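Heads up, the thing below is written out as structure tokens.
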Amino acid sequence: MGMHEGKLFGRTMAMAVLAQARKTANVSLSEVQWSAIQYIKHHPDAPLFQLAAGLQISSPAATKLVDRLVERDWVAREQHPLDRRKWVLRLTDRGSALY
């Protein structure tokens, strides 16, 4: 399988997981929201700029995305445990359950 086919297969699998998550949780969840939840799950304590880079979106887009996830109580912004000037992202209990 070539790189293009591998990416296509990965995207197809991600869409299948997203469809099941939507069905199970009975929520409207966009592909980018699901990607953000996955990223935060696998990169706990990631700052916003790292999420933006990981999802290949702009920082303003990441901020709006996180605002929506916070409103739905799937993600929490918390102060960094060692550097109180920084904020990190974590899944809430609801976000973990959705994942």
Side-chain angles (χ1 to χ4, degrees):
M1 180 180 330
M3 184 175 5
H4 179 69
E5 290 84 10
K7 285 183 179 182
L8 182 59
F9 177 76
R11 183 167 169 77
T12 301
M13 291 302 295
M15 292 305 295
V17 170
L18 174 59
Q20 184 60 38
R22 285 178 177 156
K23 183 177 174 182
T24 301
N26 195 24
V27 296
S28 63
L29 183 67
S30 73
E31 185 177 344
V32 72
Q33 288 172 329
W34 177 243
S35 294
I37 288 170
Q38 288 180 307
Y39 188 91
I40 294 166
K41 174 68 175 179
H42 293 286
H43 301 91
D45 296 331
L48 185 65
F49 77 88
Q50 189 177 6
L51 173 69
L55 297 181
Q56 297 179 344
I57 60 176
S58 69
S59 289
T63 298
K64 288 179 184 179
L65 171 62
V66 170
D67 287 345
R68 288 187 202 106
L69 296 175
V70 168
E71 286 174 11
R72 298 181 94 168
D73 192 32
W74 291 336
V75 171
R77 287 184 183 103
E78 299 176 357
Q79 282 189 318
H80 190 280
L82 302 176
D83 187 347
R84 298 183 66 76
R85 296 172 295 167
K86 295 182 182 178
W87 292 84
V88 294
L89 304 172
R90 291 198 182 157
L91 293 183
T92 62
D93 290 341
R94 287 190 67 207
S96 292
L98 179 64
Y99 180 82

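Keep in mind that what you see is a predicted model, and the values were worked out from it rather than measured.
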Worksheet entry | Derivation of the side chain to side chain contact (heavy atoms under 4.5 Å, CB included) call for Arg77 and Val88 | CA-CA 6 Å; Arg77 287 184 183 103; Val88 294; over 6 Å; no
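One distance of note links CG of Leu98 with CG of Asp93; it measures 12.5 Å at 0.5 Å rounding. The CH2 atom of Trp87 sits 9.0 Å away from the CD atom of Glu78 when rounded to the nearest 0.5 Å.
A pairwise comparison of heavy atoms in Arg94 and Arg72 identifies NH1-O, 2.8 Å as the closest pair.
Pairs of residues two or more places apart, or lying in two chains, never qualify as salt bridge (charged side-chain N to carboxylate O under 4.0 Å, His left out) while including a residue from residues 46-55.
Looking at heavy atoms from C-beta onward, Thr92 lies out of side-chain contact with Val75 at the 4.5 angstrom threshold. A 4.5 Å side-chain heavy-atom check between Leu29 and Ile37 finds at least one atom pair inside the cut-off.
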Review item, side-chain donor-acceptor pairs of residues 44-60, under 3.5 Å, at least two apart:
from	atom 1	to	atom 2	distance (Å)
Asp45	OD1	Arg90	NE	2.4
Asp45	OD1	Arg90	NH2	2.7
Asp45	OD2	Arg90	NH2	3.3
Ser58	OG	Ala61	N	3.2

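Between Trp34 and Tyr99, the angle of the ring planes stays under 30°, which puts this pair in the parallel group of the 30/60° scheme.
Applying the salt bridge (charged side-chain N to carboxylate O under 4.0 Å, His left out) criterion to Arg68, with sequence neighbours excluded, gives no partner residue.
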